[in-house]
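Here the structure is laid out as structure tokens; the discussion comes afterwards.
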Amino acid sequence: GGKDYGSPVRVNQVGYATTGPKEASIVDDSTTPVPWELRDSAGKVVKKGRTQVRGDDAASGDHVHIADFGDYRKEGTGYTLAVGTAVSEPFGISRDPYDGLRRDSLEYFYLVRSGTPIDAAYVGDAYARPAGHLGVAPNKGDTSVPCLPGTCDYSLDVSGGWYDAGDQGKYVVNGALAAWQLMDSYERSLSTGDWANLKDGLLKVPEAGNRVPDVLDESRWEVEFLLKMQVPAGQPLTGMAHHKIHDLAWTALPTQPQADAQPRYLHAPSTAATLNLAAAAAQCARVWQPYDRAFAAKCLAAAKTAWQAALAHPAVYAPAEDSVGGGAYADTDVADEFSWAATELYATTGDRTYLKSMTGRITADGFSWRDTGALTDLTIARLPWRFPLDRVLGARQRVLGVADQYVRNIDSQGYPNPFKAAAYPWGSSSSTTNNALVIATAYDLTHRPGYRDAVLESMDYLLGRNGLNQSFVTGYGERASTNEHGRIWAHQLDPKLPTPPPGSLAGGPNSALQDPVAQQNLPGCAPAKCYIDDIFSYSTNETAVNWNSSLAWIAAFAAGK
Ligand code: 9MR
């Protein structure tokens, strides 16, 4: 209580698809249905009905009703949903509500590229910036980065890639997942015939017009970096991947990449990073084959070398304490990473030796940078013709079972979140998007409309139909996040700087309150309300590549549906 979340009538603040589900969630203590009205932009009532009482929503602590106006299909803008004197934020009804988000959520990756100027011709003056971390003073990276003292004797050129998040570190474990999600979006669009997603020129990026889908071009920017993180031949742990590269100390907010004077170091290789590199590189070999055979071959060689190195060093873990100047991305269970890498290698090569390592299964726990076991089933489901039938049938059954569970999560909560838990983790928005990706995969497997509706409803949750009346996507919605934690677009601290670009996903509610601003402002919060749109709340309000990749994936799905 106490906080003002605006109207109790919660809608998708961007808009609903004409042929999609259209529901609002209403905070209302009454235990019997109440009347609602749908109004057009002139205030005229175009439809009326009564709510269904959904009841107490544990995640938000709200008592919630649902208004269903799904059979209203007239395109327009400025609609509102009214219950008594309460009126929702305005929203649209349109045939293609996700066209813009599909582009913007993917364009995000160009804006976080390291080692190249971000050109005003593509992004406008506000977001243009000089190249960061090319060893030009005051930068000390990334063209010749030494290992942390005492860990190795060489330096590597690890320029390029994407900045992880609000910090300007670059991490292999989650960077590989983000690159994988973009390549997976490509493979999905190809197999379902979503040609619009494959357009060369979809984005405003330097590679537009090169006859390669932009989504692949963007993933390559990261994959090239991942390959550079491999320990070279002739060194100890050859073939392993350095876990990460980042500043010695956390830099102040704001700090533009080109102004970062911190020394940067390579941190010791880890088995998890090595396997995630193997997975992304094996997939790279597959998807680049038709466009650039030399690059595809380079990726395949790197994937195989990484796999062998991981087998030789199966339990080298990144320390959880190594979190000064950059995140730890620690993980001490890598059976799931072995499984994911083996799956991608098998899908690309058909070499049966990988089959026995494919032990990962999708469960209702979903997936994340730390838990990649589910990706085994998802890749099998995506590319069934590449796997033995018994594997395909098992994966299919499990994906559908988990997707059904996620649909039940939507239907059993006051707000349509496919993620349901007593605690909300760091990056809970990506739990929503990753679970929506699983539901979308179930749609691809069955074409059952209920799955497609559930993905669109997950979008409703992200775009305002939630306990906070908050869109977690910058630039999308009347009450959208604008002050995400970050050093580049720190408008909250310096009005001359822009806010984060449209289409970036805030980490979202995190009930563990892991930063001082969250601790100070959100004591006692219900899990789904533990969020604050403040630049210093890195544990609830950061953007990150592995979250935006997931958003871009489902935005592409939604735009195509
Ligand atoms: O996404 C990561 C989340 O799962 C962890 O709980 C959290 C704390 O270790 O770190 C998150 O990743 C951050 C990384 O460590 C540093 N760059 C910003 C990332 C997003 O907040």
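Order of appearance sets the numbers: ligands from 1, and atoms from 1 within every ligand. As the structure is a computational prediction, the values presented were derived from the model and not from experiment.
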- Near Y329, which atoms of ligand 1 are under 4.0 Å from a heavy atom of that residue?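 Every atom of ligand 1 under 4.0 Å from some heavy atom of Y329: 12 (O), 13 (C), 14 (C), 15 (O), 19 (C).
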
- Query: What atoms of ligand 1 come closer than 4.0 angstrom to any heavy atom of A165?
  - Reply: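 So the atoms of ligand 1 that pass are 17 (N), 18 (C).
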
- Task: Compare every heavy atom of L226 with every heavy atom of A176, then report the nearest pair and how far apart it is.
- Result: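 For A176 versus L226, the nearest heavy atoms are CA-CD1, 3.8 Å.
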
- Item | Heavy-atom pair of closest approach, residues R479 and Q13 |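 Here R479 and Q13 meet closest at N-OE1, 2.9 Å.
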
- Could you walk me through whether D62 and K529 pass the salt bridge (charged side-chain N to carboxylate O under 4.0 Å, His left out) test, one step at a time? CA-CA 10 Å; D62 294 340; K529 287 182 172 163; 2.6 Å; yes

- Item | Identity and separation of the nearest protein heavy atom to atom 7 (C) of ligand 1 |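 Answer, as residue, atom name and distance: W426 CD2, 3.5 Å.
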
Looking only at N/O atoms, are [X] and ligand 1 under 3.5 Å apart anywhere?
{"X": "W369", "value": "yes"}
{"X": "D167", "value": "yes"}
{"X": "E542", "value": "yes"}
{"X": "Y171", "value": "no"}

- Query: Given the rule in the ring-ring contact (aromatic ring centres under 6.0 Å, His included) test, do Y329 and W369 qualify, once you have shown the distances and angles that lead to the verdict?
  - Reply: CA-CA 8 Å; Y329 285 111; W369 63 263; 4.9 Å; yes

- Item | Residue that, paired with N417, satisfies side chain to side chain donor-acceptor pair (under 3.5 Å) out of D460, T432, N435 |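 Passing option: T432.
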
- Message: Taking side chain to side chain donor-acceptor pair (under 3.5 Å) as the criterion, tell me which of Q168, H133, R113, K170 meets it with Y163.
- Response: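 The option that passes is H133.
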
- Item | ligand 1 versus W547: contacting region, heavy-atom distance under 4.0 Å |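 Only the side chain of W547 comes within reach of ligand 1.
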
- Non-hydrogen protein atom less than 4.0 angstrom from atom 15 (O) of ligand 1: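 Yes, there is one.
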
- Item | Gap separating the CZ atom of R188 from the CG atom of D444, nearest 0.5 angstrom |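 Nearest 0.5 Å value for the CZ-CG distance: 4.0 Å.
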
